[in-house]
Peer 1: 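Would you mind keeping the following structure in view while I ask a few things?
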Amino acid sequence: MLNRQQAPDFKQVSAINFIQPEKRLLTNGVPVFTIYSGEQDLVRIEFIFENVNWNRDKPLQAIAVSTLINNGTNKLSAKEIAEKIDFYGAFFQTEYTQDQSLVTLYTLNKHLHSVLPIVKDVLTNSQFPQNELDIYIQNQKQKLQVNLKKNDIVSRKEFAHALFGETAYGVDIKAEHYDGLEREALLTYFKTAYAPNNCTIVVSGKFDAAGFDLLDSHFGRDWDKSEVVKNAFSFSPTEKQFVYKEKPEALQSAIRIGQLAVNRKHEDFSGLQILNTVLGGYFGSRLMANIREDKGYTYGIGSGISSLQQAGYLFIATEVGADVCGAALTEIYKEIEILRTTLIEEEELNLVRNYMLGSMLGSLENVFSHADKFKNIYFAGLDYDYYTKYINTVKTITAQELLALANKYLTTESFTEVVIGKK
């Protein structure tokens, strides 16, 4: 009989299998990576464009174009685009990230021939109508005003600016940046960035040879190339920085601390992810145990490692009661110091190993998840050996190696510390 008073034994994940893509080229040379799954009559097609031609005087061009790209072409209005996509039960979305802009289509295979011409029209003939731009500017300025009253958003904004300055990763967006948006400049950026020589297509789902031929017929020709300059930024660690914006009426203070680190390309990245998990990367982490469970200073606290194309960084973020902000900071630095001076117990390390391997396995729930894992390595210039090495590192890293990583990367004397509220 099952003894419900005894926890089951840990069983470490033995192997994780990834669905690797097949690469083909459209007639005009656009790479298409297909991750096939024939279980459902559904396909996701992602058109991924590098953010290019960075202009610090016009920092909103890429994000504005990404947001407004489906708001009207020289054939269809924004309403007509939405109605046509909806008629076929498809879903069409845009997304802006710090390195790329994505245009994504979800559709049933039987409707590919009907919806692909709409997407082609958007990607080649978008017009950015002035009335839509005016509405966007008004809405974004109002949203910015609201966000500047939210301590957690301001802390994230100040932290990024302190680390990355006036680059696409850290530019300090102000209302006047929205006022500076001009339709002609957006059209110029659109024609430059949304071009076949700046495009990668990732297809996941039930997508066969006929689907590829259909894709090629629409996007493999009659699509003009452009002159693009890929964004390139360089960053150097700085001396410890303090950013404190006092809000006397604040009931809570937002804390965000951290520094530049390494990205996915670096050999230490996997080990640093494990160290981060111990510190604040899951619900059973040390920061949660101390600052939430023991001290009751916050509902939630976490740490993370972010990998961008040009940089990596680590951070700790939380919101705490304004009256305990100083005490919370003390406890955060205390937990970091323990990681730098004391070996992690084997029981805790095994718990983290199982959590991370289980999370990796659980994140591969469908073919779209496999495509996301591929994008992580492809745009970092890596291959599937990265995941093999990652899994091996999680299984075999020692407490002594983690101690060395803590002393190498958790150098609090060079941390940037941002506090918004009361300290």
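The basis for the numbers below is simple: all heavy atoms, side chains too, and nothing from hydrogens, waters or symmetry mates.
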Peer 1: Using a strict threshold of under 4.0 Å (side-chain N to carboxylate O), is an ion pair present between K389 and E267?
Peer 2: no
Peer 1: Parallel, tilted or perpendicular: which describes the rings of Y387 and Y384, with under 30° parallel and over 60° perpendicular?
Peer 2: tilted
Peer 1: Under a plain distance cut-off of 3.5 Å, with no hydrogens placed, do Q259 and T411 share a side-chain donor-acceptor pair?
Peer 2: yes
Peer 1: Apply salt bridge (charged side-chain N to carboxylate O under 4.0 Å, His left out) to K141 and D179, showing your working.
Peer 2: CA-CA 9 Å; K141 287 171 66 176; D179 291 331; 2.8 Å; yes
Peer 1: Please tell me if the side chains of V122 and V103 come closer than 4.5 Å, counting only heavy atoms from C-beta onward.
Peer 2: no
Peer 1: Step through the shown structure and confirm whether more than 12 heavy atoms of other residues, nucleotides or ligands are within 6.0 Å of CG on L251.
Peer 2: no
Peer 1: Applying the ring pair (Phe, Tyr, Trp, His ring centres under 6.0 Å) criterion to F33, which one of F212, F374, F207, F379 satisfies it?
Peer 2: F374
Peer 1: First locate atom NZ of K295, then atom OG1 of T330, and finally report the distance between them rounded to the nearest 0.5 Å.
Peer 2: 10.5 Å
Peer 1: Answer yes if the side chains of S369 and N366 hold a donor-acceptor pair under 3.5 Å, and no otherwise.
Peer 2: yes
Peer 1: So, are K174 and D172 salt-bridged, with charged N and O less than 4.0 Å apart?
Peer 2: yes
Peer 1: Decide yes or no on side chain to side chain contact (heavy atoms under 4.5 Å, CB included) for L116 and L105, but give the supporting numbers first.
Peer 2: CA-CA 9 Å; L116 281 180; L105 171 71; 4.1 Å; yes
Peer 1: Main chain of L405, side chain of D268: is a donor-acceptor contact present, judged purely on distance under 3.5 Å?
Peer 2: no
Peer 1: With side chains defined as the heavy atoms from C-beta onward, is the minimum distance between F159 and E417 less than 4.5 Å?
Peer 2: no
Peer 1: For Q138 and D134, what are the C-alpha separation, side-chain angles and deciding distance, and is it a side-chain hydrogen bond (donor to acceptor under 3.5 Å, both in side chains)?
Peer 2: CA-CA 6 Å; Q138 180 181 1; D134 291 340; over 6 Å; no
Peer 1: Return the minimal non-hydrogen interatomic distance between F235 and A311, and the atom names on each side.
Peer 2: CD1-CB, 3.7 Å
Peer 1: Just say parallel, tilted or perpendicular for the rings of F128 and F190, cut-offs at 30° and 60°.
Peer 2: perpendicular
Peer 1: Crowded around E39 CD? As in, over 12 foreign heavy atoms under 6.0 Å?
Peer 2: no
Peer 1: Applying side chain to side chain contact (heavy atoms under 4.5 Å, CB included) to K373 and Y378, what does each step give before you reach the verdict?
Peer 2: CA-CA 9 Å; K373 287 292 187 289; Y378 176 75; over 6 Å; no
Peer 1: Between the side chains of R353 and E348, is the shortest nitrogen-to-carboxylate-oxygen separation below 4.0 Å, so that they form an ion pair?
Peer 2: no
Peer 1: Is there a donor-acceptor contact under 3.5 Å from the side chain of N151 to the main chain of A254?
Peer 2: no
Peer 1: State, yes or no, whether a side-chain contact exists between L364 and I16 at a heavy-atom distance under 4.5 Å.
Peer 2: yes
Peer 1: Check the pair T192, N53 against side-chain hydrogen bond (donor to acceptor under 3.5 Å, both in side chains), reporting the backbone distance first and the verdict last.
Peer 2: CA-CA 8 Å; T192 302; N53 294 28; 4.7 Å; no
Peer 1: Test ring-ring contact (aromatic ring centres under 6.0 Å, His included) on Y169 and F233; report intermediate values, then the result.
Peer 2: CA-CA 9 Å; Y169 296 167; F233 311 113; 5.5 Å; yes
Peer 1: Identify the heavy atoms of I19 and H370 that sit nearest to each other, and give their distance.
Peer 2: N-ND1, 3.0 Å
Peer 1: Indicate the atoms forming the closest heavy-atom contact of S126 with L187, along with that distance.
Peer 2: O-CD2, 3.5 Å
Peer 1: Can a donor-acceptor pair be found, under 3.5 Å and without considering hydrogens, that links the side chain of K191 to the backbone of T124?
Peer 2: yes
Peer 1: Could you check L308 against Q98 for side chain to side chain contact (heavy atoms under 4.5 Å, CB included), going step by step and ending with a plain yes or no?
Peer 2: CA-CA 8 Å; L308 305 171; Q98 290 162 302; 3.2 Å; yes
Peer 1: Please tell me if the side chains of I305 and V262 come closer than 4.5 Å, counting only heavy atoms from C-beta onward.
Peer 2: no
Peer 1: Can you pull the salt bridge (Lys or Arg N to Asp or Glu O under 4.0 Å) pairs that have at least one residue in residues 232-260, sequence neighbours excluded?
Peer 2: E158-K245
Peer 1: Yes or no on salt bridge (charged side-chain N to carboxylate O under 4.0 Å, His left out) for R340 and E413, after CA distance, side-chain angles and deciding distance?
Peer 2: CA-CA 13 Å; R340 294 177 63 181; E413 58 271 18; 3.5 Å; yes
Peer 1: Short question: side chain of S226, backbone of V228 - any donor-acceptor pair under 3.5 Å?
Peer 2: no
Peer 1: Ion pair present between E331 and K334, side-chain N to carboxylate O less than 4.0 angstrom?
Peer 2: yes
Peer 1: Quick check, are the ring centers of Y390 and F269 under 6.0 angstrom apart?
Peer 2: no
Peer 1: Are any side-chain N or O atoms of S253 and backbone N or O atoms of K422, one a donor and one an acceptor, separated by less than 3.5 Å?
Peer 2: yes
Peer 1: Could you tell me whether the side chain of K23 reaches within less than 4.5 Å of the side chain of P31, counting heavy atoms only?
Peer 2: yes
Peer 1: Compare all side-chain heavy atoms of L215 with those of I201 and state whether any distance is below 4.5 angstrom.
Peer 2: yes
Peer 1: Would you please indicate yes or no on a ring centroid separation below 6.0 angstrom for F164 and Y313?
Peer 2: yes
Peer 1: Taking C-beta and beyond as the side chain, do I63 and T67 meet within less than 4.5 Å on heavy atoms?
Peer 2: yes
Peer 1: Kindly determine whether N198 and E50 satisfy side-chain hydrogen bond (donor to acceptor under 3.5 Å, both in side chains), including the steps that lead there.
Peer 2: CA-CA 6 Å; N198 191 43; E50 298 288 337; over 6 Å; no
Peer 1: So with a 6.0 Å cut-off around CD of E227, is the heavy-atom count from everything else above 12?
Peer 2: no
Peer 1: Could you please spell out the steps behind the side-chain hydrogen bond (donor to acceptor under 3.5 Å, both in side chains) verdict for Y189 and E184?
Peer 2: CA-CA 9 Å; Y189 183 84; E184 288 303 318; over 6 Å; no
Peer 1: Identify the heavy atoms of F92 and V119 that sit nearest to each other, and give their distance.
Peer 2: CE1-CG2, 4.0 Å
Peer 1: Run the numbers on F315 and S303 for side chain to side chain contact (heavy atoms under 4.5 Å, CB included), then give the verdict.
Peer 2: CA-CA 5 Å; F315 66 92; S303 63; 6.0 Å; no
Peer 1: Got more than 12 heavy atoms from elsewhere within 6.0 Å of NZ, K58?
Peer 2: no
Peer 1: Donor-acceptor pair, N71 side chain versus E132 backbone, under 3.5 Å?
Peer 2: no
Peer 1: What closest approach, in Å, do V65 and L186 show between heavy atoms, and which atom pair accounts for it?
Peer 2: CG2-O, 3.6 Å
Peer 1: Measure from the side-chain N and O atoms of R44 to the backbone N and O of V367, and report whether any donor-acceptor pair falls under 3.5 Å.
Peer 2: no
Peer 1: Looking at W223 and Y194, what are the two nearest heavy atoms and their distance?
Peer 2: NE1-O, 3.4 Å
Peer 1: Under 3.5 Å, is there a donor-acceptor pair between the side chain of T94 and the main chain of L68?
Peer 2: no
Peer 1: Look only at the side chain of S285 and the backbone of Y282, and say whether a donor-acceptor pair between them is shorter than 3.5 Å.
Peer 2: yes
Peer 1: Honestly, is R292 close enough over Y297, meaning NZ or CZ under 6.0 Å from the six-membered ring centre and within 45° of the axis?
Peer 2: no
Peer 1: Kindly assign one of parallel, tilted or perpendicular to the pair Y106 and F91, based on the angle between their ring planes and the thresholds 30° and 60°.
Peer 2: tilted
Peer 1: I'd like to know if the side chain of S155 and the backbone of D152 have a donor-acceptor N/O pair within less than 3.5 Å.
Peer 2: yes
Peer 1: Do N147 and K143 come within less than 4.5 Å of each other through their side chains, counting heavy atoms only?
Peer 2: yes
